[in-house]
J.: 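Questions regarding the structure given below will be posed in turn.
Quantities reported herein were computed from a predicted structural model and do not represent experimental measurements. Chain letters run A, B, ... following the sequence lines, proteins first and then strands; every chain starts at 1.
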There are 2 protein chains.
Amino acid sequence: MKWDELEEEPCSLARTVAVIGDRWSLLILRECFLRTRRFEGFQSALGITRHLLAERLKKLVRLGVLRRIPYQESPKRHEYILTQKGLDLYPIIMSIVHWGDTHMVDERGRPLLHEHKSCGKMFDPVLVCSECGEPVTAKGVHVHPGPGKRVPRAAADLPKAAKTKTRSRAV
Amino acid sequence: MKWDELEEEPCSLARTVAVIGDRWSLLILRECFLRTRRFEGFQSALGITRHLLAERLKKLVRLGVLRRIPYQESPKRHEYILTQKGLDLYPIIMSIVHWGDTHMVDERGRPLLHEHKSCGKMFDPVLVCSECGEPVTAKGVHVHPGPGKRVPRAAADLPKAAKTKTRSRAV
DNA sequence: CTTGACAGTTCAATTATAGAACTTTAGTGG
DNA sequence: CCACTAAAGTTCTATAATTGAACTGTCAAG
């Protein structure tokens, strides 16, 4: 499967992985949330090669996650800022950071602590149900086919006999 | 930067990206949450090459995200199941799926809908503050250095004059 | 008129991934 | 006994992605 095919899959996870599922995109986006905006800033903060950084920034702009806006004329210079689509990635970033805080810290503890401005306390992010407000777990979720569901790649390609039975599943 | 170095970074996001930040790991984990457990199951559902699948499964086992347990003797066969560490990835997966549902769907709508068993309603996941229960946004969060904070790579490698000023930042 | 910053581009060398065939252990049907 | 199938990998070559380093173009300052 190529990256482009990934974008076409009838799966919201696969389509999002097509955007952020590589070694660098999430790190670049972390820097965006840390208020880095310029090429040199990303490059020196991350140690990414300039070649790849240019490529990834282009891709994120093409996908509508970043916007490239001029901040000076002569010589023309641009900076990269998060669009709303980009800002909406924050829950993903926070969930990732929280998992790292829980499972990947060394003896010395967390690299960063987060304060929720509106309540003033150090907090952890919790994923809850939009309807009842209770925390969401894998076992507590039942999945139904939606309008955008297609027969998955594997089942479509394989002979009829090989089709896997469908079942309610937790993603 | 190599994958191994990524694991060492004093950043919970980088360390988590070292685990799931490639083309396939998240898709394999999606299948795990969809109750796939066996080699052939992953392979036919994803279309990943067998070579890479074997490698990724090994990696996820080594990192403690999956456990490899025998389900029959002669011939010895094993299946892969999520550990608690793996189950804890669910908020990341759900956040990713939700972003895809919001920003990457075609005209036909979402591939899947999610029902929250305990309240019986179709829902979206919302990230809230563990302390006050209010939704978390990038702008509403203030970051403080934690005990595991080290001077970042870039600042440590560069001459003193080039050190970037520290600032409270939103990741 | 030389130096430096910024935002890239170019190119060779190294790694990773894709695609396909092959291996091992065992069960099944004839 | 023999061919065929299945699961779970392994091995191999070709192709694609990434790295590392140098190079380009525009302007400003000294």
J.: When the nearest nucleotide of DNA chain C is assigned to B:Ser74 and to A:Lys76 on a heavy-atom basis, which residue is associated with the more 5' position?
T.: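 Here A:Lys76 is the residue nearer the 5' end.
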J.: Tell me: CD of A:Gln43 to C1' of C:dA7, nearest whole Å?
T.: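 Taking atom C1' of C:dA7 as the reference, CD of A:Gln43 is at 11 Å.
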J.: Closest to the A:Thr49 side chain: C:dG8, D:dT19, C:dA26?
T.: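 Ranking C:dG8, D:dT19, C:dA26 by closest atom to the A:Thr49 side chain puts D:dT19 first.
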J.: Find the distance A:Arg56:CZ to C:dG8:P and express it as a whole number of Å.
T.: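 The answer, rounded to whole Å, is 16 Å.
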J.: Does one side chain, of B:Arg68 or B:Tyr80, offer a donor that lies under 3.5 Å from an acceptor on the other?
T.: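 There is such a pair between these side chains.
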J.: Quickly work out the B:Ile48 CD1 to C:dT17 C1' distance and round it to whole Å.
T.: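 So the CD1-C1' distance, B:Ile48 to C:dT17, works out to 10 Å.
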J.: Rounded to whole angstroms, how far apart are CD on B:Glu79 and P on D:dA8?
T.: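 About 8 Å, once rounded to whole Å.
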J.: With a 4.0 Å cut-off on heavy atoms, is A:Phe42 in touch with a base, just the backbone sugar-phosphate, or nothing at all?
T.: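 A:Phe42: no heavy atom of the nucleic acid under 4.0 Å.
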J.: Between the base of D:dA8 and the side chain of B:Arg77, is there a donor-acceptor distance below 3.5 Å?
T.: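 For B:Arg77, whose side chain was compared with the base of D:dA8, there is no donor-acceptor pair (under 3.5 Å).
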J.: For A:Glu134 and B:His116, which I'm curious about, is there any donor-acceptor pair between the side chains at under 3.5 Å?
T.: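 Distance-only check fails for A:Glu134 and B:His116.
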J.: Rounded to whole angstroms, how far apart are CZ on A:Arg37 and P on C:dA7?
T.: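 Rounding to the nearest Å, CZ of A:Arg37 and P of C:dA7 are 13 Å apart.
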J.: When you match B:His51 and A:Arg23 each to their closest nucleotide on DNA chain D, which lands nearer the 5' end?
T.: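 Comparing both residues, the 5'-ward one is B:His51.
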J.: State which of D:dC27, C:dA7, C:dA18 makes the closest approach to the side chain of B:Trp24.
T.: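 In terms of side-chain proximity for B:Trp24, the closest of D:dC27, C:dA7, C:dA18 is C:dA18.
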J.: Base, sugar-phosphate alone, or nothing: which one does A:Tyr80 contact when heavy atoms must sit under 4.0 Å apart?
T.: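 Sugar-phosphate contact only.
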J.: Given C:dG8, is OP1 or OP2 found less than 4.0 Å from the side-chain N or O atoms of A:Arg68?
T.: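 Checking C:dG8 against A:Arg68, a side-chain N or O does come within under 4.0 Å of OP1 or OP2.
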J.: When clusters are formed by joining ILVMFWY residues with side-chain heavy atoms under 4.5 Å apart, either directly or through shared neighbours, do A:Leu57 and A:Leu34 land in the same one?
T.: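 Yes, same cluster.
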J.: Between A:Glu55 and B:Glu55, just flag the one whose closest nucleotide in DNA chain D comes earlier from the 5' side.
T.: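 So the residue in question is B:Glu55.
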J.: Check the distance between C:dA13's P and A:Leu52's CG and give it to me in whole angstrom.
T.: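 Taking CG of A:Leu52 and P of C:dA13, I get 19 Å after rounding.
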J.: Are B:Leu113 and B:Met104 joined in one hydrophobic group, where the rule is that I, L, V, M, F, W and Y side chains link up if heavy atoms are under 4.5 Å apart?
T.: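 No, separate clusters.
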J.: Tell me whether the OP1 or OP2 atom of C:dA7 has a side-chain N or O from A:Lys58 closer than 4.0 Å.
T.: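 No, outside the criterion.
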J.: Map A:Tyr71 and B:Arg50 onto DNA chain C by nearest heavy atom, then report which one ends up closer to the 5' terminus.
T.: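 Between the two, 5'-proximity favours A:Tyr71.
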J.: Using atom CD1 of B:Ile28 as one end and atom C1' of C:dT17 as the other, report the distance to the nearest whole Å.
T.: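 Interatomic distance, CD1 of B:Ile28 to C1' of C:dT17: 13 Å.
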J.: Specify the separation, in whole Å, of atom CG of B:Leu57 and atom C1' of D:dG9.
T.: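 Computing the B:Leu57:CG to D:dG9:C1' distance gives 11 Å.
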J.: Examine D:dA6: is either OP1 or OP2 under 4.0 Å from a nitrogen or oxygen in the side chain of B:Arg38? Give yes or no.
T.: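 No, B:Arg38 has no side-chain N/O under 4.0 Å of OP1/OP2 on D:dA6.
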J.: Once the angle between the rings of A:Tyr90 and A:Phe33 is folded into 0 to 90°, is it parallel (under 30°), tilted (30 to 60°) or perpendicular (over 60°)?
T.: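 A:Tyr90 and A:Phe33: tilted rings.
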